[in-house]
S.K.: 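First the structure, then my questions, so here it is.
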Amino acid sequence: KASKRVYFNNPMWPGEAHSLVVEEVLFKAKSEYQEVLVFESLTYGKVLVLDGIVQLTEKDECSYQEMIVHLPLCSIPSPKTVLVVGGGDGGVLREIARHSSVEQIDICEIDKMVIDVSKKFFPELAIGFEDPRVHLYVGDAVEFLRNAPEGKYDAIIVDSSDPVGPAQELVEKPFFDTAARALRPGGVLCNMAESMWLHTHLIQDMISICRETFKGSVHYAWTSVPTYPSGVIGFLICSTEGPPVDFLNPINPIEKLEGALKHKRELRFYNSEMHSAAFALPSFLKREVNLL
Ligand SMILES: NCCCN[C@H]1CC[C@H](N)CC1
């Protein structure tokens, strides 16, 4: 049976395209915000695609979901209240659930279809919604944060898609202002921050905004995700004023994290060496983006 190959090209990465062989299309529909596609690939398990952009595959989602959560949460002492912006597939919730200090997990996802599709096709990620600490809000995160009490959250994790669709507003200043107001002093924000190979201008813009908005520290970290454009994805990690956060040396020992396992799934990517290594940056990036 001849398999079909799908190409993922996009104006966000001109002149290049990643491709995957499709075994079977499992779901395809338009939500209020974007086209949602799920297919079984030949070598990466099931794949979730939004508006023609790969969001996650079963094979390599562990890298992104574990790092975007444990880089911030292992950097502050016993986080209690966490907000997830986006993250409708549930993978980030699954990872936050490993932290036994966490008492409340709010999640604000704009597209209900992403949640429903994940529950149907990606149970290993949607298991995150089953944690009793999770409170789901379906709606616009800027609106949600405007109404959030000042200083409510220890950590905010922005698990967004690319800023070319519903996630456009999540890289603009008003969003960062509302996020900073909703964080407690010494709280931490961790944003998806694109690729060092493809988006240094966008990364620089986000760093400039964060440096104005967050009086603490601003760091860029990154990880390997083979099915994302250029094979890497970055994170912008900022802390509000208060004692400087030593992001490079995780203070929540990994053993404690393992101990809190609710759903028996072991960590597949994150560990304390990968934590420290994530903040090591190539020379061209240190030159192109001025991190303190
Ligand atoms: N929770 C799934 C990951 C969503 N993050 C984005 C997917 C699309 C990529 N180009 C950038 C990261």
Side-chain angles (χ1 to χ4, degrees), residues 6-14 16-20 31 33-38 44-72 82-97 105 107-119 121-129 134 136 141 156-168 170-171 190-200 202-203 206 220-237 269:
V6 60
Y7 291 85
F8 298 104
N9 41 41
N10 189 285
M12 282 277 297
W13 35 91
E16 61 183 281
H18 180 249
S19 76
L20 287 170
S31 78
Y33 299 94
Q34 55 209 332
E35 185 204 73
V36 181
L37 166 70
V38 179
Y44 277 84
K46 287 200 280 293
V47 182
L48 174 65
V49 182
L50 299 180
D51 277 350
I53 299 178
V54 172
Q55 299 296 304
L56 64 96
T57 81
E58 287 181 315
K59 179 181 170 84
D60 64 5
E61 55 94 358
C62 60
S63 169
Y64 176 92
Q65 318 277 6
E66 291 180 20
M67 294 295 269
I68 199 172
V69 169
H70 304 313
L71 289 179
V82 181
L83 169 64
V84 178
V85 171
D89 52 70
V92 159
L93 297 175
R94 174 194 71 206
E95 294 306 317
I96 298 170
I105 310 169
I107 174 169
C108 184
E109 163 61 56
I110 200 162
D111 192 343
K112 179 117 178 27
M113 186 181 277
V114 172
I115 300 170
D116 297 339
V117 162
S118 185
K119 288 181 175 178
F121 296 102
F122 297 94
E124 283 253 318
L125 286 98
I127 189 172
F129 285 102
V134 171
L136 168 64
I156 298 178
I157 294 167
V158 185
D159 172 20
S160 59
S161 45
D162 296 283
V164 285
Q168 183 123 21
L170 302 181
V171 297
C190 182
N191 286 67
M192 184 281 287
E194 297 296 2
S195 161
M196 64 172 75
W197 292 108
L198 304 171
H199 305 119
T200 46
L202 172 60
I203 294 168
M206 288 172 78
Y220 188 81
W222 60 286
T223 190
S224 139
V225 181
T227 54
Y228 283 169
S230 78
V232 295
I233 194 76
F235 308 104
L236 207 52
I237 304 182
F269 193 92

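Just so you know, ligand 1 is whichever comes first in the structure, and atom 1 is the first atom listed for that ligand. Computed from a predicted model, the values in this text were never measured in an experiment.
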S.K.: Tell me, please, which residues at least two apart from Y228 pass side chain to side chain contact (heavy atoms under 4.5 Å, CB included).
M.R.: Y64, V225, I233
S.K.: Partners of E61 by salt bridge (Lys or Arg N to Asp or Glu O under 4.0 Å), sequence neighbours excluded?
M.R.: R94, R265
S.K.: Can you list every pair where an N/O of ligand 1 is under 3.5 Å from an N/O on the protein?
M.R.:
residue, atom, partner, partner atom, Å
ligand 1, 1 (N), D89, OD2, 2.6
ligand 1, 1 (N), D159, OD1, 3.0
ligand 1, 1 (N), D159, OD2, 2.8
ligand 1, 5 (N), Y64, OH, 3.2
ligand 1, 5 (N), S160, O, 3.0
ligand 1, 10 (N), D162, OD1, 3.2
ligand 1, 10 (N), D162, OD2, 2.7

S.K.: Are a donor atom and an acceptor atom from the side chains of S63 and T223 found within less than 3.5 Å of each other?
M.R.: yes
S.K.: Going by the side chain to side chain contact (heavy atoms under 4.5 Å, CB included) test, name the single residue among I96, I157, V92, L136 that passes it with I105.
M.R.: I96
S.K.: For residues 44-57, which side-chain N or O atoms pair as donor and acceptor with protein atoms under 3.5 Å away, sequence neighbours left out?
M.R.:
residue, atom, partner, partner atom, Å
K46, NZ, E58, OE2, 3.4
K46, NZ, F121, O, 3.4
D51, OD1, E35, N, 2.8
Q55, NE2, I53, O, 3.2
T57, OG1, K59, N, 3.3
T57, OG1, D60, N, 3.2
T57, OG1, D60, OD1, 2.7

S.K.: If you draw a 6.0 Å radius around CH2 in W222, do more than 12 non-hydrogen atoms from other residues or ligands fall strictly inside?
M.R.: no
